[in-house]
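Following: one structure in structure tokens, then a few remarks.
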Amino acid sequence: MAFSTAASPLCTWLIAACLSSSVAGLSGNDAPVSSGPLGRRLRRRVARSKQLAAESWFSSFGMQSASLSGQSLVAFCGSGLSELGTFCNLEGCEEYNNMKPLFGDGFFGEGLGGFGFGTKPARAGRRLRRAAAGKATAVAVQPAKESEQKKNKKTATKQRRVVVTGMGVVSCHGHDKDMFYENLLAGKSGISEIERFDCKDFPTRFAGEIKSFSTDGWVAGKFARRMDKFMLYLLTAGKKAVMDAGITEEVMKDFDKSKCGVLIGSAMGGMQVFHDAIEALSISYRKMNPFCVPFATTNMGSAMLAMDLGWMGPNYSISTACATSNFCIISAANHIIRGEADVMLSGGSDAAIIPIGLGGFVACRALSQRNDDPTKASRPWDKNRDGFVMGEGAGVLLLEELDHAKARGAEIYAEFLGGSVTCDAYHMTEPHPDGAGVLLCIEKALAQSGVNRADVNYVNAHATSTKAGDLQEYKALMKSFGGNPELKVNSTKSMVGHLLGAAGGVEAIATIQAIRTGWVHPTINLDDPESEVDLNVIVGGEKQRLDIKVALSNSFGFGGHNSSVLFAPYVEANEED
């Protein structure tokens, strides 16, 4: 729509210029004629000559003859750049049309291949040539009555349901979804002293740092040496989700790849790559990594993964600070619900445990400084909490349309019921003191998904271990679900820290694992809870059994971004014909 609006003045100018200059003598400069019968005949002849000249002008550009009534002219100008492009016979240059696949062949092996750029420009060129020949540029005005009838016609369609069939995780608690959850159920802390760089001069010297990570078999070596860790985590977790869903190369041959997409975001992007580029630039631009721009941008992880898989559906990233993953999951599910995709990889990835990342959050005064005992530093809802603990990693879900998943015999882990996003519109880093934005987000998620609040009996809370945030979220949860005696709430961040843009993805995996296993993990370090917190609701130091009906997972971010997503066990009996 933006293209059409922007192009309309240009189209109008072209028509006006050509008609005024090419159709000489037929403009407003015509000699005056008398008002008698002879004058009227002359005016009719002049008008007819103008119409014939204008039609000749249109046909010279390969367009079908069209009436130059006010409506037709507006329709022509409003067609925008898509029609203007046909006039110019736009085609890719020979070098572009002959490009080879950028990353070679392979699915899980040596390359990020499987996506060729050589065919699409040729097809686009043929379409443009056909359009320029006048086969796709007819200007027609639909009768208003017929248009209104089509507008009011409703087609009954079956609601498309979204299920989770694959999960991939990279975290300080392991890179396998089952190992990750076993460590959570055991109440094990993944927080430790930072080893990646010397941080003795920082007031915070610990994080949920990933100590052991290998890209072997997941990312080609030439990229592994150049990519930022956030992208390596993303590619690995994304491919693990695909593999976990049982999607092999053989299975993928039956997929419509135009309806398979990737929507994985990042809050911070390639911070290390960007930092290295700045240092190189201080010497000379010639020292800069030629990949520094694409490997620093948040969208390129999704793009690279799509190139590897050959998935040509929706592909982009969302960056809404620590709410990023949930925003991506909601948007990806909506692509499936609307019929624009059958399969979507979604979630988030971040790797900000580097000097500039640590220093930045220290400057914000957001981090815990419990250096004497890092494993006790992340303590949501505890009176002695003093800030959040940085984490890193990636969490990716493979979302799939229900019938598509059933047709290939996929194991269904859970069903995505819906979600919502809101904004506090209050402060850059502080939550709204009344929790208004959080409460609104939860209520909208319930309304959007059609879930009865009495059915929500488990919440994986955002709960970062900050003074203000923990209590505001807790109060909002009590307002929404406090009357439910089955309600259980916990915090994954108490054990892995805050993974920033990846937090929602990793916590969605923890939520779905709780649905699958019937166990909800503990919240560790809750030694001296706030007086307002009900320990009958908060899952404390030990895991608890729970038959989950509906689970809610919250993620909030700097800027007042709020997000809530709802999952439930998949029950085949709930299907409606």
Residue list, side-chain contact (heavy atoms from CB on, under 4.5 Å) with H561, at least two apart or on another chain: T320, A323, F327
task: Can you label the angle between the F558 ring and the F361 ring as parallel, tilted or perpendicular, going by 30° and 60°?
output: tilted
message: Tell me if a side-chain donor or acceptor on R161 pairs with a main-chain N or O of L402 at a distance below 3.5 Å.
response: no
- prompt: Checking D382 side chain against D527 main chain: does a donor-acceptor pair fall under 3.5 Å?
  reply: yes
- prompt: Under 3.5 Å, is there a donor-acceptor pair between the side chain of N460 and the main chain of A508?
  reply: no
- request: Please tell me if the side chains of I442 and K479 come closer than 4.5 Å, counting only heavy atoms from C-beta onward.
  value: no
Contacts of type salt bridge (charged side-chain N to carboxylate O under 4.0 Å, His left out), residue D424, not counting sequence neighbours: none
Within-4.5 Å side-chain heavy-atom neighbours: Y413 and L397: no
message: Could you check whether atom CD of E340 has more than 12 heavy atoms from other residues, nucleotides or ligands sitting under 6.0 Å from it?
response: yes
message: Checking K229 now: which residues fulfil salt bridge (charged side-chain N to carboxylate O under 4.0 Å, His left out) with it, not counting sequence neighbours?
response: none
task: Please determine, by modelled atom types, if S302 and N315 share a side-chain donor-acceptor pair under 3.5 angstrom.
output: no
message: Donor-acceptor check, side chain of N554 to backbone of V459, threshold 3.5 angstrom: yes or no?
response: no
The single option from R408, E401, E400 passing side chain to side chain donor-acceptor pair (under 3.5 Å) against H404: E400
Heavy-atom side-chain contact between F223 and L235 under 4.5 Å: no
message: Applying salt bridge (charged side-chain N to carboxylate O under 4.0 Å, His left out), can you list everything that pairs with R453, at least two apart in sequence or on another chain?
response: E443
S349 side chain to M231 backbone, donor-acceptor under 3.5 Å: no
- prompt: In terms of heavy-atom contacts, does CZ of R365 have more than 12 from other residues, nucleotides or ligands at under 6.0 Å?
  reply: no
Heavy atoms of other groups near K475 NZ, more than 12 under 6.0 Å: yes
H498 side chain reached by K493 side chain, heavy atoms, under 4.5 Å: yes
field: S346 side chain to C328 backbone, donor-acceptor under 3.5 Å
entry: no
Student check: side-chain heavy atoms of Y458 and Q544 closer than 4.5 Å: no
query: Is a side-chain N or O of T375 found less than 3.5 angstrom from the main chain of I191, in a donor-acceptor match?
result: no
query: Does any N or O in the side chain of N490 come within less than 3.5 Å of the main-chain N or O of V539, such that one atom is a donor and the other an acceptor?
result: no
- request: List for me each residue that meets side chain to side chain donor-acceptor pair (under 3.5 Å) alongside R226, sequence neighbours excluded, and say none if there are none.
  value: none
- request: Say whether, by atom type as modelled, one donor and one acceptor occur between the side chain of N371 and the main chain of R205 under 3.5 angstrom.
  value: yes
- prompt: Within a radius of less than 6.0 Å around CG of D372, do more than 12 heavy atoms belonging to other residues, nucleotides or ligands occur?
  reply: yes
message: With a sphere of 6.0 Å drawn around CG of L281, does it hold more than 12 non-hydrogen atoms of other residues, nucleotides or ligands?
response: yes
message: With side-chain contact (heavy atoms from CB on, under 4.5 Å) as the criterion, how do H175 and T236 come out once you've worked through the C-alpha distance, each side chain's angles and the decisive distance to 0.1 Å?
response: CA-CA 9 Å; H175 316 316; T236 303; over 6 Å; no
message: Do L552 and V451 make a side-chain contact, defined as non-hydrogen atoms from C-beta onward lying under 4.5 Å apart?
response: no
task: Tell me, please, whether W519 has K543 positioned over its six-membered ring: NZ or CZ under 6.0 Å from the ring centre and within 45 degrees of its axis?
output: yes
- line: d(D534 CG, E532 CD) to nearest 0.5 Å is 12.0 Å
field: Main-chain N/O of P314 paired with K259 side-chain donor or acceptor, under 3.5 Å
entry: no
message: Can you confirm whether the side chains of N326 and S553 place a donor and an acceptor under 3.5 Å from each other?
response: no
message: Which residue in the set T298, N299, T324 passes side chain to side chain donor-acceptor pair (under 3.5 Å) when paired with S317?
response: T298
field: Heavy-atom check, side chain of V396 versus side chain of L234, under 4.5 Å
entry: no
message: Check this for me: does any side-chain nitrogen of one of D342 and R160 sit under 4.0 Å from a carboxylate oxygen of the other?
response: yes
field: Heavy atoms of other groups near F274 CZ, more than 12 under 6.0 Å
entry: no
query: Heavy-atom distance under 4.5 Å between the side chains of S192 and K211, does that happen here?
result: yes
query: Which residues satisfy the side chain to side chain donor-acceptor pair (under 3.5 Å) test with D350, sequence neighbours excluded?
result: S266
